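The structure appears below as C-alpha cells.
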Amino acid sequence: MSAGDRRVLISGAGIAGLVTAYWLKRHGFNPTVVERAPELRAGGHAVDLWGSAVDVIERMGLLSAVETARTLNDTGITIVPGREPLKMSLADLAVRIADRHAEVMRGTLVKLLYERTRDEVECLFGDSIRAIEMRTDGVRASFERAPTQTFDLIVGADGQHSTVRRLVFGEESHFSRYLGAYIAGCSLPNDWVPSGHLARYVAPAKTVTLAPIRQSGELAVGFLFRRPTELRIEHDDIERQQQLLRDVFAGEGWHVPSLLAQLPKAHDFYFTPVSQIRMQRYSSNRVVLVGDAGYCPAPAVGGGTTLAVIAAYILSGEMARAGGDYAAALQSYEREIASAVEASRHVGPSLIRALVPRRSIEISLGMHIASFVRGLPPCVRRCVPLIPRRALRGLREVASLRLRDYERT
Ligand SMILES: Cc1cc2nc3c(=O)[nH]c(=O)nc-3n(C[C@H](O)[C@H](O)[C@H](O)COP(=O)(O)OP(=O)(O)OC[C@H]3O[C@@H](n4cnc5c(N)ncnc54)[C@H](O)[C@@H]3O)c2cc1C
C-alpha cells in the first residue's frame, strides 16, 4: 500500500490538528480533518512560538506571514501593585528561552495554518467522532453526522477536553490535574494601554494583565487567580463565572472595577481551571493523541502551542519514516517527545507561583528585586532570569526539541 492510500482521520482543526494535516499530506498520506465547530475556531489571545516551533513554521513556508502578524507587544511592561508603578523593559524579560520567538494571536495562526492546508486536505466542519472501533483492517470511526468510515489511523488533536481521549483512554478526570488556579479572559475596548506595551496589576493571589491587540485595537484582558480547590461550575455558565470573578476581584484598585463592569459586554469571554493533562502513553493501537489532547501543560501558562506544533511535526515525520509500521511510528513519536512533555509539566505550576504571589510581602519583595535588577548595567541584567528556573528549563527543553529532516530520511 502506498502512503497515499493510507487514510488518517484527524479530530480537531486547531493548531496541532492543522500542522499534523499539513505534514501528513506532504509525506504522501491521505488525511481528513473533522472539526466539531461549524467553522474554524479562530478565537483566543496571544500564543508563543519558541525555538523549533518557529523552525516548523518556517519549513511550512509561513515564517514571513507569522513575522508580519507578530503582536509586537514588546516595548515594555508596567507592573502595578497598588502604589508606585514599576516600568520595565521587556528585553529584561527575554530570558533566553530560545533564539527564535514569535508571539502571535492564536486566531491568526490557526487561519494561516488552515489556508496552508485547505486546498489539499478535506475538513469536515460541524461534526465529531461518536465512537471508535478497532478492527483487524484498520480503525472504524462513526460520526455524529457523516457516515461511518474505516481509517488506518486516528489522530486525536481535539484539545484539552479531547473526545478521542475519552473514547479510547477513559474519562478526563483520570488524566486532568488541577494546578490550583483559574484563568479568565476577554477582549474589551482599549482605553488605557499604549500600543506595544503591557500592563499588569498584582494583588495577593490574583493578577490582571492587559495587552493591546494590534489587529483589532482592543485590549486582551487576562485574569489569573488562585483557588485551592476546583469549583463546580459548568463551562457554559458565563453568568456565574463572571459573578465569581467580580467576587474574587471585589475591592481591588487600578482599572479593575471598570474591567469587571464591562465583562457582560465582552464578545469572547472564557473561563477555565488551570489544569494539565498527564498520561503515561499517548497512543493505543491505531489511535494517537497530539497537542493538548495528550499532554496539555496548562492553558496560557505552559508553552502548549510550541509543544503542539513541534510534536505534530514529529508525529507526521515518524509516520513517514516508519513506512506502514504504525506501531513503530507511534513508539518513536512517544520516545522523541517524552522528555519535553515531562519538562513542560513544570512550567505551569512554576509560573503560577511567580505570577500570582500569595501574600503582600511576597509582592513587595518581588517589586524590590525587580527595581534593583532594573538598576543594574544591561550586561549584568541580562544574566538575571526573571522567570523561575524550573519554568525556564521546561520552556527551553520544549523549544529545543530536535527536528529531523523527515523529507530526507
Ligand atoms: C477557541 C480557543 C481559544 C484559545 N485561546 C488561547 C489563548 O488565548 N492563549 C493560549 O495560550 N491558548 C489558547 N488556546 C489553547 C491553545 O490553542 C492550545 O493550548 C495550543 O495551541 C495547543 O493546541 P491544540 O491544537 O492541541 O488544541 P486547541 O487549540 O484547543 O484545538 C483543538 C481543536 O479541536 C476541536 N475539537 C474539540 N473537540 C472536538 C471534537 N469532539 N471533534 C472535533 N473537533 C474537536 C476544537 O474546536 C479546536 O478547534 C485556545 C484554544 C481554543 C480552542
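All residue numbers refer to positions in the sequence shown, counting from 1. Because the structure is predicted, anything quoted here is derived from the model rather than measured. Whatever order the structure lists ligands and atoms in, that order sets their numbers, starting from 1.
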Parallel, tilted or perpendicular, as decided by the 30° and 60° cut-offs, for the rings of Phe271 and Phe225: tilted
Could you find the nearest protein heavy atom to atom 31 (O) of ligand 1 and give me its residue, atom name and distance? Gly14 CA, 3.5 Å
Where's the contact between Val47 and ligand 1, heavy-atom distance under 4.0 Å: side chain, backbone, both or neither? side chain
Write out the residue and atom name of the closest protein heavy atom to atom 43 (C) of ligand 1, then the distance separating them to 0.1 Å. Arg36 N, 3.1 Å
Among all protein heavy atoms in this structure, tell me which lies nearest to atom 7 (C) of ligand 1, with the distance rounded to 0.1 Å. His45 N, 3.6 Å
Any side-chain donor near an acceptor of the partner, His45 and Ser187, under 3.5 Å: yes
My understanding is that we take every heavy atom of each candidate and find the minimum distance to atom 17 (O) of ligand 1. Doing that for Glu144, His161, Met105, Arg106, which one comes out nearest? Arg106
Write down the atom of Ala340, the atom of Leu307, and the distance for their closest heavy-atom approach. CB-CD1, 4.4 Å
Which pair of heavy atoms, one from Phe169 and one from Arg281, lies closest together, and at what distance? CE2-O, 4.1 Å
Does a salt bridge link Arg166 with Glu171, judged by any charged N lying under 4.0 Å from a carboxylate O? no
My understanding is that we take every heavy atom of each candidate and find the minimum distance to atom 35 (C) of ligand 1. Doing that for Arg41, Gln160, Arg166, Glu35, which one comes out nearest? Glu35
Atom indices of ligand 1 within 4.0 angstrom of Ala46 heavy atoms, with elements: 9 (N)
Return the residue, atom name and 0.1 Å-rounded distance of the protein heavy atom closest to atom 25 (O) of ligand 1. Ala16 N, 2.8 Å
Ala308 heavy atoms, cut-off 4.0 Å: which ligand 1 atoms fall inside? 22 (C)
Please check if the side chain of Gln215 supplies one atom and the backbone of Met105 the other of a donor-acceptor pair under 3.5 Å. no
Filter on ring-ring contact (aromatic ring centres under 6.0 Å, His included), then keep only pairs touching residues 284-315, sequence neighbours left out; what's left? Trp23-Tyr313, Tyr282-Tyr295, Tyr313-Tyr406
For atom 11 (O) of ligand 1, the closest protein heavy atom turns out to be Ala300 CA, 3.3 Å
Under a 4.0 Å threshold between the charged nitrogen and the carboxylate oxygen, would Glu342 count as salt-bridged to Arg345? yes
Per-atom contacts, ligand 1 versus Asp292 - under 4.0 Å to a heavy atom: 18 (C), 19 (O), 20 (C), 22 (C), 26 (O)
Looking at residues at least two apart in the chain, or sitting in another chain, which of them share a ring-ring contact (aromatic ring centres under 6.0 Å, His included) with Phe249? Phe223
If you count the atoms of ligand 1 from 1 in the order shown, which ones are under 4.0 Å from a heavy atom of Gly291? 26 (O)
Which residue and heavy atom of the protein sit nearest atom 20 (C) of ligand 1, plus the separation: Thr305 OG1, 3.4 Å
Atoms of ligand 1 close to Gly44 [distance to a heavy atom under 4.0 angstrom, numbered from 1]: 3 (C), 4 (C), 5 (N), 8 (O)
Ion pair Glu234/Arg240, N-O distance below 4.0 Å: no
Exercise: do Glu218 and His267 side chains pair donor with acceptor under 3.5 Å: yes
Which residue from Asp48, Asp158, Asp268 reaches closest to atom 45 (C) of ligand 1 through any of its heavy atoms? Asp158
Atoms of ligand 1 close to Gly43 [distance to a heavy atom under 4.0 angstrom, numbered from 1]: 3 (C)
In terms of heavy-atom contacts, Gln276 and Pro297 come closest through NE2-O, 2.8 Å
Any non-hydrogen atom of Ser11 lying under 4.0 Å from ligand 1? yes
Residue Thr163 vicinity, atoms of ligand 1 by number, heavy atom under 4.0 Å: 40 (C), 41 (N)
If the cut-off is 4.0 Å to any non-hydrogen atom of Gly159, which atoms of ligand 1 fall inside it? 27 (O), 30 (O), 32 (C)
Given that the side chain starts at C-beta and the backbone is N, CA, C, O, which of these parts of Ala157 lies under 4.0 Å from ligand 1, counting heavy atoms, or is it both or neither? backbone
Counting heavy atoms under 4.0 Å, the part of Val110 that contacts ligand 1 is neither
Which heavy atom in Val66 sits nearest to a heavy atom in Ala102, and how many Å separate them? CG1-CB, 3.9 Å
